[in-house]
There are 4 protein chains.
Amino acid sequence: MPRIARPEEAAQMRTRLMRAAYAAIAERGFAAVTLQDVATRAGVSKALVLYYFTDKEQLLAAVMERTDQVIRSRAERAMREAAASGPLAQLDAYLDALTIGAREHRDFYRVFLDFMSAGLRSPAIGKSTRSFHEGCAALERETIQRGIAAGVFRRDLIPAEASTVVRALIDGLSIQWLLRGDEPFDQLRRRMREAVLAYLGA
Amino acid sequence: MPRIARPEEAAQMRTRLMRAAYAAIAERGFAAVTLQDVATRAGVSKALVLYYFTDKEQLLAAVMERTDQVIRSRAERAMREAAASGPLAQLDAYLDALTIGAREHRDFYRVFLDFMSAGLRSPAIGKSTRSFHEGCAALERETIQRGIAAGVFRRDLIPAEASTVVRALIDGLSIQWLLRGDEPFDQLRRRMREAVLAYLGA
Amino acid sequence: MPRIARPEEAAQMRTRLMRAAYAAIAERGFAAVTLQDVATRAGVSKALVLYYFTDKEQLLAAVMERTDQVIRSRAERAMREAAASGPLAQLDAYLDALTIGAREHRDFYRVFLDFMSAGLRSPAIGKSTRSFHEGCAALERETIQRGIAAGVFRRDLIPAEASTVVRALIDGLSIQWLLRGDEPFDQLRRRMREAVLAYLGA
Amino acid sequence: MPRIARPEEAAQMRTRLMRAAYAAIAERGFAAVTLQDVATRAGVSKALVLYYFTDKEQLLAAVMERTDQVIRSRAERAMREAAASGPLAQLDAYLDALTIGAREHRDFYRVFLDFMSAGLRSPAIGKSTRSFHEGCAALERETIQRGIAAGVFRRDLIPAEASTVVRALIDGLSIQWLLRGDEPFDQLRRRMREAVLAYLGA
DNA sequence: TATGAATGAGTTTTCATTCAT
DNA sequence: CATGAATGAAAACTCATTCAT
């Protein structure tokens, strides 16, 4: 546990290590990642990883926590910026924020898939994956409510239910795209948008 | 690689080992499963596992392959039996066949989540997860086509696209239910049915 | 331990297994040979090997014992047949009998090298390698004595010493030939003959 | 694969491990040596052995390589020092350098015998045993040439052939001495010297 | 702060050997 | 006689973690 002499540099190093770990998980899979992988990728010694994170589990939990924050705040910002343009534009902005690039999306779902699985056994990690799901659902709920109010979505939707369904579509379609391996990213984006809009009755 | 003297007993033992492995994965996770786990659960020695399966990877690949077969053939049978009762009944039969019990469903998605992830790196396993997805999609496509023809589903659906979406709903909702941990199983079933029907425009 | 119901067939099977073991050692090396190797090569089950030989060590000891007998009796016969033609012809006959073919010689020294090493730790095997060395030395001694008596070899030779040296030449040159891997077999035979004759002062 | 912080200490540890391995091979035989043996003998943990050597094969290859270097450089030095005293003295110096003690010689040929055998299947090890043989042959060749030039050895010797024969005598006699187990070391030395001189026609 | 050195606990895998049929 | 099934013991190797510097 580092005594924080220079807090900023410490935070930088932690970020560097978490990024290295994220990349390592995306490439080799959660279970196969070793501290050596992370250290090598970050250009530091294996021991340093455990200097900044108590143990491997803590590092990995921090990775998911950070991933949750990064992705969700990007989505939030996008929605805020599109708030004035109406529910449909806001929904598009949200979906765009979650699918910014093929490489990024592939890496994210590789990592996320592993974390969801790991979260079933590790409470610390489970907390972050749930936080991500719930955070996203909250954003979706908001847009859905507006859309219902604005009359662009079906009247009979229950926002809490519908947001769960929207989330399921995003996860489910992304996972299939990931497993297929060769499907164009644009097809995923189009399909996701259409499915969500169809479900919402837009 | 045993030369099989009594084929039936050999098949029984293989099944016993695959079941033990399935249970072990559901409980401890794909990556954490050891041959010892499997052996202990099956009540045999560690070495016997490798007598029936060349190595750990082969065993695990066989587990996913068998799981694919078991689940899919159950779904197929259910659909065949409901074929006469119309598309809606057939869809219900299909969904019921995929959600026969809380315990079973939880175990299946725990295992399946892990296998999807593992399949990204191991071709042998990837083959089975894709086979499962494609097999299910084929069944869904069939029902959707009938539903469109019978006028109970939206006209503008493209069966190949719609089956992908239905699959996404089933996977996505199941995963969320799994992660939440405490949600009643009936709620998942109801939500799944409603979401699918809403999407299909029934 | 087989109760010898049909002694001849039992002996045949033992021979078959020893031959298979010999070939396996030549190919894979003494240490790497498994009972499965031997069984597969002999076309029988692994368990049968241990039905005819108490354990692996016994089998291997028997292999060396048999090899000793086969090679030495061949050399003896050759020498007996050449007995009338004088010491030089007898020496040639002896050397020819020990170097009947490249393949055979390579296999024999591969196996013999391993057995010499193994004999350092296993008394049963050591007995056979010593027996081979001593048996050969006896044959050599005999010829040397005749050669000295006939005046074709150096007078100052002490047969017991000289036979040891001749044996060293045969072993040492064969081992070098084996290690080099690509040297023509005829070169070994020529060199061996010349070295022996030079040493004996012929 | 340690990045070396203190190169000297690392080299010391590597040497310590190679010595331990050498002793283990001499005692238990190449094939029977385990990493645990080596570790125990070196007074370190099993894992440390693999910290310094990628795997068991690398360690063993390094042992033979080092043995080759140690023995050959001793022989070279001895010959250099005796260079002024004439070919016969140089030959004696060479033979003395190769037979410095019963214990050492026994260990060396135990190890060497195993390595020769192992070198037939492992190229890395074969390289070292060949290097040893060739290096020794080169030294022998040199002395033989001088001896011929000085008129103390037979005129008709071809140095390249003769060095091979000398090497065969050294190996062959040493192996027999080793197998016999109880023969006085001096007898080996005397016999070796006499056989070599007799062959060279001194 | 940072790291190389060192280790212990665990995992897969191999194989001689036993045993019931 | 012969074999497939089953096992226990041991081996190489991996890796998170600790520690001295």
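Note that these values count all heavy atoms, side chains included, but never hydrogens, waters or copies made by symmetry.
The aromatic ring centroids of Tyr109(A) and Phe112(A) lie less than 6.0 Å from each other.
Map Met13(B) and Gln36(D) each onto its nearest nucleotide of DNA chain F; the residue landing nearer the 5' end is Met13(B). Taking the nucleotide of DNA chain F with the nearest heavy atom to each of Thr34(D) and Ala32(A), the more 5' of the two is matched to Thr34(D). Along DNA chain E, the nucleotide closest to Lys46(C) and the one closest to Val33(B) are compared, and the more 5′ of them pairs with Val33(B).
We find that Asp114(A) and Arg121(B) are joined by a salt bridge, their nearest charged nitrogen and carboxylate oxygen being less than 4.0 Å apart. Between Arg41(A) and Glu27(A) there is a salt bridge, since at least one side-chain N of the basic residue sits less than 4.0 Å from a carboxylate O of the acidic one. Ion pairing between Arg19(C) and Asp107(C) fails under the 4.0 Å rule for side-chain N and carboxylate O.
Each of Leu60(C), Val38(C), Thr67(C) was scored for a side chain to side chain contact (heavy atoms under 4.5 Å, CB included) with Tyr22(C), with one residue passing: Thr67(C).
In this structure, Gln58(D) places its CD atom where more than 12 heavy-atom neighbours from other residues, nucleotides or ligands lie under 6.0 Å away.
Within the nucleic acid shown, Val38(B) has no heavy atom closer than 4.0 Å to any nucleic acid atom. Counting any heavy atom pair closer than 4.0 Å across all strands shown, Leu48(B) reaches a base atom.
Side-chain contact of Ser128(D) with Asp68(D): a donor-acceptor pair under 3.5 Å is absent, judged by distance alone.
Taking atom CD of residue Glu9(D) and atom P of nucleotide dA6(E), one finds them 8 Å apart after rounding to whole Å. Distance CG (Leu50(A)) to P (dC15(F)): 14 Å, rounded to an integer number of Å. Atom CG in Leu35(D) sits about 11 Å away from atom P in dT14(F), given to the nearest Å. Here dA6(E) presents its P atom at 11 Å from CD of Gln12(D), a figure rounded to the nearest Å. At whole-Å resolution of the value, CZ in Arg14(A) and P in dT1(E) are 13 Å apart. What separates CG of Asp55(A) from P of dT17(F) is a distance of 5 Å, to the nearest Å. Atom P of nucleotide dC13(F) and atom CD of Gln58(D) are separated by 11 Å, given to the nearest angstrom. Whole-Å rounding puts the Leu17(C) CG to dA16(E) P distance at 14 Å.
Residue Tyr51(C) places none of its side-chain N or O atoms closer than 4.0 Å to OP1 or OP2 of dA2(F).
Both distances falling under 3.5 Å, in either a Watson-Crick or a G-U wobble arrangement, place dA16(E) opposite dT7(F). Base pairing analysis places dT21(E) opposite dA2(F); the two distances defining the Watson-Crick or G-U wobble pair are each below 3.5 Å. Pairing for dT11(E) goes to dA12(F), judged as Watson-Crick or G-U wobble with the two contacts each under 3.5 Å.
DNA chain E is contacted by no residue of residues 19-26 of chain D, taking any non-hydrogen atom closer than 4.0 Å.
With dA5(E), dC15(F), dG8(F) as the candidates, the nucleotide lying closest to the side chain of Ala47(B) is dG8(F).
Counting only distance, with no hydrogens or angles, the side chain of Thr129(C) and the backbone of Gly126(C) share a donor-acceptor pair below 3.5 Å.
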